[in-house]
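As the structure is a prediction and not an experimental result, all values here were calculated from the model. All ligand and atom numbering here is 1-based and tracks the order in the structure.
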Amino acid sequence: MTIITNNESETILEGKKLGQTLLPGAVVALYGDLGAGKTAFTRGLAAGLGIDVCVSSPTFTIVNEYDGKIPLFHFDMYRLENESELYDIGWDDYQERGGVCAVEWSEKVPGAFLTETIVVKIENLGEESRRLEISSGGGIQI
Ligand code: ADP
Ligand code: MG
């Protein structure tokens with residue numbers, strides 16, 4: 001599914017719509033450059049999960065946790081030195097805690113998505129225009 005948004009609120013709204021459909025254990029892998037709108041989209045996801053605190057980028061902490069009907073675990077892999085650090089911060093445990101994992105900079109951790117994943121690619125088309133491509137991915141290929 002491809003959606004064009006024309007401002008930040010529209011991207012947040014798309015995140016919210018997706019968030020409303022998610023079940024515990026869902027993994028949302030976000031891809032896109034700095035300023036594409038990954039955090040904005042995640043803010044929407046949180047709203048869709050019934051979380052009303054402000055979601056900001058967890059750049060310095062790798063992961064932020066938010067309590068909701070379904071908790072949200074918001075990862076930002078930008079500062080990860082290498083993929084093995086993912087396991088030091090308990091990636092496997094997070095996936096078993098019945099929350100939704102949203103991952104910014106998924107480009108950095110291709111090996112993290114062994115289970116079914118919702119892939120969200122965001123491209124900056126210039127000014128306030130963004131292309132959102134939402135598809136399913138991940139999983140061990142047989
Ligand atoms: P990322 O997490 O991908 O680095 P952010 O969500 O933090 O990006 O920031 C996106 C920036 O782009 C914000 O400053 C936001 O106001 C701006 N922006 C402009 N148009 C859009 C849009 N259509 N969708 C999302 N963000 C937009
Ligand atoms: Mg961000």
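Taking only nitrogen or oxygen atoms, main chain and side chain alike, S129 does not reach within less than 3.5 Å of ligand 1. In terms of polar-atom proximity, E127 is not counted as a contact of ligand 1, lacking any N or O under 3.5 Å from an N or O of the ligand. Considering both main-chain and side-chain atoms, L34 never comes within under 3.5 Å of ligand 1 through any nitrogen or oxygen pair. Residue E104 has at least one N or O atom closer than 3.5 Å to an N or O atom of ligand 1.
Scanning the protein heavy atoms around atom 6 (O) of ligand 1, the nearest turns out to be A40 N, 2.9 Å. Scanning the protein for heavy atoms near atom 24 (N) of ligand 1, the closest one is T11 OG1, 2.6 Å. The protein heavy-atom contact nearest to atom 8 (O) of ligand 1 is G37 N, 3.2 Å.
Within the structure, ligand 1 lacks I12 among the residues with a heavy atom less than 4.0 angstrom away. Residue G35 places a heavy atom under 4.0 Å from ligand 1.
Among the heteroatoms counted here (N, O or S) of E104, OE1 is the one nearest to the Mg ion (ligand 2).
Side-chain atoms of L18 and F41, non-hydrogen and from C-beta on, do get closer than 4.5 Å to each other.
Within a 4.0 Å radius of atom 20 (N) of ligand 1, the protein contributes at least one heavy atom.
Taking the six-membered ring for Trp, F75 and Y94 have ring centres closer than 6.0 Å.
Residue nearest to atom 17 (C) of ligand 1, selected from E10, E14, R130: R130 (by heavy-atom distance).
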